[in-house]
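Bear in mind that the values here come from a model prediction, so they are computed numbers and not experimental data. Counting begins at 1 with the first residue of the sequence.
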Amino acid sequence: MAELEIHEIRSNDISAIFFINETMASEKWQSGLEDTESLLCGEHPGVYIGELNGKPIATVCFSKYGNAYSHFGFYLVDKKYRGMGYGMKIFSTVFKDINSSQNISAYSVPNMVEKYEIHGFRAQWLCLQHKLDMPKTLEILKAIPSNQNGLTSTKNTNNVHQETLLRYDTAVFGYQRHSFLIKLLHAKGSHVKVAVNSDGAITGYAVARVAYRQQEGYILGPLFADSVEAAKVLLAALFEEMLSHGLSSSSPTAIINCPCSTGRNSNSMRLMEQLEGKNTGHHLVYITTKGVPLGLFDKWFGIASPGIG
């Protein structure tokens, strides 16, 4: 077996970024147009590439958030090089350098959970993917009686103090990820809405990013909100803006990955049912090595994506 050269990449490593994006697309991972670039803007992105004779053939990502938490985002090997040990080589090389005291999270396909248990992972809850038809969803939202009575309104990011929004994300996500989030909010073709209450305090925010494969529409997330009503207000404002100002994608649909936990946020599934979201059948299991991480999971209506957390 030829020697696999493994190294961490940076935001200027164009060939590695292209390999990651194209491999995700070939595996039908729905990702945003600039998700990899956003990830690489993080404080400790932890994106590694394995190369044979200078050619990228494998990648793995362990993004670090402070000293206590990391997210195992993706683990991909070019189809032509599978079954040769290269995948295990890059995974084990990177995994052994992870601080064992950290809590590590990941999203796994159900049939791989048992294999990850060997490395100390344990299942926490399901994450279910839904597809929303934006015109239909907006019609439903407008027809739903609201009990907000004007208590929640929305703003664009340029009308919200950036530090306040970043602090809100840190509180809900559980860990600081400022540089990553700033890039994600301003990614090409992205739309963002922020919910505020009558006192001007932030009660949620939603991001819709153009999918890497534009025929897939948009990737919706994060969708963080203090209540299901705030989530509805955000989606209504977001979709109305997108549909009225023109779409950057060829498809008026949005894919959202929703945590599904009766003990954490069962409202996310109720919201999808109310909005008649189509279950795509793409189910993942949220797994961790040291129990449930920090985070206000009752406010998680949609994650950014399984690959970037």
Side-chain angles (χ1 to χ4, degrees), residues 63 65-66 68-69 71 103 105 107 124-130 132 137 141 144 146-148 151-157 160-178 180-182 184-185 190-209 219-239 254-275 277 284-286 288 291-306 308-309:
S63 298
Y65 299 93
Y69 175 66
H71 180 69
N103 193 359
S105 68
Y107 290 92
Q124 299 298 337
W125 52 74
L126 281 173
C127 185
L128 308 182
Q129 187 183 88
H130 288 77
L132 297 172
T137 301
L141 285 166
I144 296 174
S146 173
N147 61 13
Q148 285 294 298
L151 295 178
T152 300
S153 59
T154 61
K155 294 183 177 183
N156 294 321
T157 51
V160 175
H161 194 272
Q162 180 174 274
E163 286 301 317
T164 305
L165 179 57
L166 294 174
R167 284 198 299 270
Y168 178 85
D169 179 76
T170 299
V172 178
F173 181 69
Y175 304 89
Q176 181 177 306
R177 52 177 184 173
H178 292 178
F180 156 78
L181 188 62
I182 290 169
L184 194 77
L185 295 175
S190 289
H191 294 261
V192 185
K193 286 294 180 182
V194 182
V196 296
N197 63 19
S198 56
D199 295 323
I202 292 175
T203 59
Y205 78 93
V207 185
R209 300 115 57 206
I219 310 300
L220 178 59
L223 173 55
F224 288 169
D226 288 3
S227 67
V228 68
E229 288 298 325
K232 291 176 186 176
V233 170
L234 281 166
L235 290 177
L238 189 68
F239 289 172
I255 291 169
I256 182 170
N257 294 282
C258 305
C260 176
S261 171
T262 54
R264 298 291 172 179
N265 188 7
S266 55
N267 282 331
S268 65
M269 287 299 96
R270 294 195 191 102
L271 179 61
M272 288 302 106
E273 291 170 4
Q274 195 170 19
L275 300 181
L284 296 173
V285 182
Y286 184 64
T288 65
V292 178
L294 299 177
L296 303 177
F297 295 101
D298 59 322
K299 300 183 181 185
W300 287 32
F301 287 85
I303 63 171
S305 79
I308 60 177

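Note: Met269 CE to Leu126 CG = 9.5 Å, rounded to the nearest 0.5 Å. Atoms NE2 and CZ, from His178 and Arg167 in turn, are 8.5 Å apart once rounded to the nearest 0.5 Å. Taking OG1 from Thr170 and CG from Leu165, the interatomic distance works out to 9.5 Å, rounded to the nearest 0.5 Å. Distance check, rounded to the nearest 0.5 Å: CD1 of Ile202 to CG of Asp226 gives 10.0 Å. If you take CG on Leu284 and SG on Cys260, they are separated by 12.5 Å, rounding to the nearest 0.5 Å. We find the CD1-CD1 distance between Ile256 and Ile219 to be 10.5 Å, quoted to the nearest 0.5 Å.
Contact record, Leu234 with Ala195: CD2-N, 3.5 Å, taken as the closest heavy-atom pair. The two residues Ala304 and Gly309 come nearest to each other via the heavy atoms CB-O, 3.1 Å. Considering all non-hydrogen atoms of both residues, Cys258 and Phe301 come closest at SG-O, 3.5 Å. Closest heavy-atom contact between Ala206 and Leu223: CB-CD1, 3.7 Å.
Judged by distance alone, with hydrogens and angles left aside, the side-chain atoms of Trp300 form a donor-acceptor pair with the main-chain N or O of Val172 at under 3.5 Å. Judged purely by atom type and a 3.5 angstrom limit, Asp199 has no side-chain atom pairing as donor or acceptor with the backbone of Ala201. Side chain of Asn103 to main chain of Gly291: a donor-acceptor pair is present (N/O by atom type, distance under 3.5 Å, no hydrogens or angles).
Looking at heavy atoms from C-beta onward, Ile303 lies in side-chain contact with Tyr107 at the 4.5 angstrom threshold. Here the side chains of Leu271 and Leu235 are in contact, with some heavy-atom distance below 4.5 Å. With contacts defined as side-chain heavy-atom distances shorter than 4.5 Å, the pair Leu238/Tyr205 does not qualify. Val194 has its side chain out of reach of Thr154: every pair of non-hydrogen atoms, C-beta onward, lies at least 4.5 Å apart. The shortest side-chain heavy-atom distance between Pro222 and Leu184 falls under the 4.5 Å cut-off. In this structure the side chain of Arg270 never reaches within 4.5 angstrom of the side chain of Val228, judged on heavy atoms. With contacts defined as side-chain heavy-atom distances shorter than 4.5 Å, the pair Leu166/Arg177 does not qualify. Contact of the Tyr286 side chain with the Cys127 side chain is not registered, since no non-hydrogen atoms from C-beta on lie closer than 4.5 Å.
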Check your understanding: Do Ser305 and Arg209 pass the side chain to side chain contact (heavy atoms under 4.5 Å, CB included) test, and can you show the C-alpha distance, the side-chain angles, and the key distance before you say yes or no?
Key -> CA-CA 11 Å; Ser305 79; Arg209 300 115 57 206; 4.1 Å; yes
Review point. Do Gln162 and Thr157 pass the side chain to side chain contact (heavy atoms under 4.5 Å, CB included) test, and can you show the C-alpha distance, the side-chain angles, and the key distance before you say yes or no?
Key: CA-CA 7 Å; Gln162 180 174 274; Thr157 51; over 6 Å; no
Review point. Hey, mind stepping through Leu132 and Met272 against side chain to side chain contact (heavy atoms under 4.5 Å, CB included) and telling me if it holds?
Key: CA-CA 8 Å; Leu132 297 172; Met272 288 302 106; 4.2 Å; yes
Exercise for review: Could you give me the CA-CA distance, side-chain angles and deciding distance for Val207 and Leu185, then say whether side chain to side chain contact (heavy atoms under 4.5 Å, CB included) is met?
Suggested key: CA-CA 7 Å; Val207 185; Leu185 295 175; 3.5 Å; yes
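Between the side chains of His71 and Ser105, at least one donor-acceptor pair of N or O atoms lies under 3.5 Å. For Thr288 and Gln124, the side-chain atoms include at least one donor-acceptor pair closer than 3.5 Å. Residues Asp169 and Tyr175 have side chains that never bring a donor and an acceptor to within less than 3.5 angstrom of each other.
Checked against the 6.0 Å centroid criterion, the rings of His191 and Phe239 do not qualify as a close aromatic pair. The aromatic ring centres of Tyr65 and Phe173 sit less than 6.0 Å apart.
Using the six-membered ring where Trp is involved, Phe297 and Trp125 have ring planes that are perpendicular, over 60° apart on the 30 and 60° scheme.
The existence of a salt bridge linking Lys232 and Glu229 is confirmed by a sub-4.0 Å separation between a basic side-chain nitrogen and an acidic carboxylate oxygen.
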